[in-house]
Amino acid sequence: MKKRVLSGIRATGRLHLGNYLGAVKGMLELQNNSEYETLYMVADVHTITTPFKVEELRKNRREVIIDYLAAGLDPKKSVIFQQAEVNEHMELAFYFSSITTIARMQHLPTFKEKVRQYPKNTTMALLNYPILMAADILVYKAGFVPVGIDQEPHLEVTREIARKMNQLYGTDFPEPVRFATKGEYIPSLKGEGKMSKSVEGSYINLTDSLDEIRKKVRSIPTATESGGEMSLGIKALFTFAELYISSEVEKYKNEYEKGTLQFITLKDALTEAIYKELEPLQKKRKQLESDKVYVDKVIKEGAGKARAIASQTVREVRQKMGLG
Ligand code: TYM
């Protein structure tokens, strides 16, 4: 029996380096390990939990699929699909909401952060966000979830829901664990906080050109602080260096300690390394953009395969809850 894996990314736009290093790299690693059966979706329904534009969502739920394929997700090895195409996620989420308290949802750090960000849009959908995520994972009875460290509170909720469902209704949901990558927390280019689509100037897109990447990397603040403490910007720079030019980090650290480091040399070496990794993805993306038929086929077949598994779980849950 293969170990099952599920992950997803919201359809908020083009993927950035944080998504790639924190999630997609783990998704690829598990896809390419024959012990695992992998399902990867675009969390398009999660996108409507915060303000969105209809036309952008329509476009982005497809763009993320193209980004996935460009990054190396392979429909021959993984089920690649759009969440909204599989109604069972939403149905299961409603059943799960019957065993989840409002207080538990209100206390989640991710919920509090979004309330601060969108004070006028604290909808029921936003409150339900983690329940839908639990349903995404458990509708496939997946035990492994490649995501960044910021998603850990949601996985904790998923495990609680699995336990409670099993206790109350005798289901056999696993308690899923996070599959972590080396890039589980990618800092913002501004130094403070994490790389995030919602913070302008914090991210590098997978589609950025060499010049754009250079400009962004050069913008990482490297002014040294009095007292000799490493500033957040410099820390971020070294985090990227560890990930991209690890064999040279020692040398740059020594120079930094001696006070002889030319930050621009380190930044430009980093830029080259980042671009070198992204260039083949960008080439592949160009091809995919012009192959509408292929992308449509991937989307359609993915939905069919996902539904086949999801409908079985939902049928079982309905039966166990007295609804079928
Ligand atoms: P989302 O769309 O916010 O982010 C997608 C993935 O990218 C990771 N990530 C990062 N990793 C490291 N450093 C960063 N700076 C960084 N920024 C983003 C996130 O951890 C995530 O893995 N709730 C999910 C989407 C989702 C999902 C699911 C994931 C919905 N249902 C089921 C897994 C399983 C989210 O908001 O991701």
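What you are looking at is a predicted structure, and each value in this text was computed from that prediction instead of being measured. Whatever order the structure lists ligands and atoms in, that order sets their numbers, starting from 1.
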**Q.** Where ligand 1 meets Gly183 - atom numbers and elements under 4.0 angstrom, heavy-atom basis
**A.** 12 (C)

Q | Salt-bridge criterion met for Lys25 and Glu277 (N-O under 4.0 Å) | A | yes

(Q) Strictly distance-based, threshold 3.5 Å: is any side-chain N or O of Arg159 a donor or acceptor partner for the main-chain N or O of Pro176? (A) yes

Q.
Heavy-atom distances under 4.0 Å decide this one: backbone, side chain, both or neither, for Ile186 against ligand 1?
A. both

Q. With a cut-off of 4.0 Å, which atoms of ligand 1 are near a heavy atom of Tyr129?
A. 23 (N), 24 (C), 25 (C), 35 (C), 36 (O)

(Q) Below a 4.0 angstrom heavy-atom separation, can you tell me which part of Gln83, side chain or backbone, both or neither, approaches ligand 1? (A) neither

Q. Is a donor on one side and an acceptor on the other found under 3.5 Å between the side chain of Asp44 and the backbone of Arg61?
A. no

**Q.** Atom indices of ligand 1, in the order listed, that fall short of 4.0 Å to a heavy atom of Glu184
**A.** 11 (N), 12 (C), 13 (N)

Q.
So if I count the atoms of ligand 1 from 1 in the order they appear, which ones are less than 4.0 Å from some heavy atom of Leu6?
A. 32 (C), 34 (C)

Q | N/O separation below 3.5 Å, Met195 to ligand 1 | A | yes

Q: Can you measure from OH (Tyr68) to CG (Leu28) and round to the nearest 0.5 angstrom?
A: 10.5 Å

Q) Is it the side chain, the backbone, both or neither of Ser7 that has a heavy atom closer than 4.0 Å to ligand 1? A) both

Q: Determine, using heavy atoms of Lys197 and all atoms of ligand 1, whether some pair is separated by less than 4.0 Å.
A: no

Q. Nearest protein heavy-atom contact for atom 29 (C) of ligand 1: which residue, which atom, what distance?
A. Gly8 O, 3.3 Å

Q. Side chains of Ser78 and Gln31: is there a donor and an acceptor less than 3.5 Å apart?
A. yes

Q. Any side-chain donor paired with an acceptor under 3.5 Å for Thr313 and Glu316?
A. no

Q) Among Gly13, Gly22, Gly18, Pro146, whose heavy atom sits nearest atom 10 (C) of ligand 1? A) Gly18

Q) So, Glu37 and Lys77, do they make that salt bridge, N to O below 4.0 Å? A) no

Q) Under a 4.0 Å heavy-atom limit, does Leu132 contact ligand 1 with its side chain, its backbone, both, or neither? A) neither

(Q) Whether Lys300 and Asp296 form a salt bridge (side-chain N of Lys/Arg under 4.0 Å from carboxylate O of Asp/Glu) is what I want to check. (A) no

Q | Electrostatic pair Glu156:Arg104 at N-O distance under 4.0 angstrom | A | no

(Q) Taking a cutoff of less than 4.0 Å between a non-hydrogen atom of the residue and any ligand atom, is Tyr203 in contact with ligand 1? (A) no

Q) Can the ring centres of Phe96 and Phe173 be said to be less than 6.0 Å apart? A) yes

Q) With respect to atom 28 (C) of ligand 1, which of Arg178, Met133, Lys194 exhibits the smallest heavy-atom separation? A) Met133

Q. Are the aromatic ring centres of Tyr36 and Phe144 under 6.0 angstrom apart?
A. yes

Q. What residue and heavy atom of the protein are closest to atom 31 (N) of ligand 1, and at what distance?
A. Asp136 OD2, 2.7 Å

Q) Any idea which atoms of ligand 1 are less than 4.0 Å away from a heavy-atom of His16? A) 17 (N)

(Q) Under 4.0 Å from a heavy atom of Gly148: which atoms of ligand 1 are those, numbered in the order shown and with their elements? (A) 11 (N), 19 (C), 20 (O), 22 (O)

Q. Any N or O on Arg10 sitting closer than 3.5 Å to an N or O of ligand 1?
A. yes

Q. Can you say whether the rings of Tyr140 and Phe81 are parallel (under 30°), tilted (30 to 60°) or perpendicular (over 60°)?
A. perpendicular

Q: Please work out whether any backbone atom (N, CA, C, O) or any side-chain heavy atom from C-beta onward of Tyr185 is under 4.0 Å from ligand 1, and answer side chain, backbone, both or neither.
A: backbone

Q. Nearest protein heavy-atom contact for atom 37 (O) of ligand 1: which residue, which atom, what distance?
A. Gln151 NE2, 3.9 Å

Q | Residue Ala23 vicinity, atoms of ligand 1 by number, heavy atom under 4.0 Å | A | 6 (C), 7 (O), 22 (O)

Q.
Out of the candidates Asp67, Leu206, Asn60, Ile66, only one should pair with Arg14 under the side-chain contact (heavy atoms from CB on, under 4.5 Å) rule; please name it.
A. Asp67

Q | Which of the ligand 1 atoms, numbered from 1, are nearer than 4.0 Å to a heavy atom of Val145 | A | 33 (C), 34 (C)

Q: Please write down residue, atom name and distance for the protein heavy atom closest to atom 7 (O) of ligand 1.
A: Asn19 ND2, 3.0 Å

Q. Which part of Asp150 is near ligand 1, with near meaning a heavy atom under 4.0 Å away: side chain, backbone, both or neither?
A. side chain

Q: Indicate yes or no: at least one non-hydrogen side-chain atom of Gln262 is less than 4.5 angstrom from one of Lys267.
A: no

